[in-house]
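By convention here, the first residue in the shown sequence is residue 1.
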Amino acid sequence: MFGPLPPLHRLLVVATALIVGMLSGIWLVHVTEVPALIAAGVGWGLLAGLLLTYVLLHDFHHRPTPVRVRRR
């Protein structure tokens, strides 16, 4: 599912994307000046971070699978 990165690098990409997403959600709520929505901003930021992680690490190249043919 994930790209050909080593496990440590995958973990760093996931952690960085989640932190950046969370901070961007907090920033967006701060800019709109509705302090009661900080938890919602963190939630939306984490969701954005998860989606960003998926896009960054998913291997979108579909490799053809070999097909076995029985010959009589």
Side-chain angles (χ1 to χ4, degrees):
M1 181 172 140
F2 290 123
L5 290 176
L8 176 64
H9 292 116
R10 275 188 253 157
L11 180 68
L12 289 174
V13 169
V14 168
T16 303
L18 288 177
I19 290 170
V20 167
M22 185 177 62
L23 291 176
S24 67
I26 292 172
W27 175 78
L28 184 63
V29 170
H30 180 70
V31 167
T32 58
E33 297 179 4
V34 183
L37 297 177
I38 290 180
V42 170
W44 281 107
L46 287 175
L47 180 64
L50 286 173
L51 291 173
L52 180 63
T53 300
Y54 179 77
V55 169
L56 288 174
L57 295 179
H58 186 72
D59 188 16
F60 287 103
H61 299 288
H62 297 289
R63 293 173 184 86
T65 57
V67 178
R68 292 187 180 189
V69 177
R70 285 185 158 178
R71 296 184 186 201
R72 297 180 186 192

Legend entry - Atom pair CG/CG of Leu52 and Leu47 - distance to nearest 0.5 Å: 11.0 Å
Inset, instruction - Look up atom CG in Leu51 and atom CG in Leu46, then write down how far apart they are to the nearest 0.5 Å. - result: 11.0 Å
Inset, instruction - Please check if Leu50 and Val14 belong to a single hydrophobic cluster, counting links between Ile, Leu, Val, Met, Phe, Trp and Tyr side chain heavy atoms closer than 4.5 Å. - result: yes
Please table the atom pairs, donor to acceptor, closer than 3.5 Å between any side-chain atom in residues 19-26 and protein atoms at least two apart or in another chain.
from	atom 1	to	atom 2	distance (Å)
Ser24	OG	Val20	O	3.2
Ser24	OG	Gly21	O	2.7

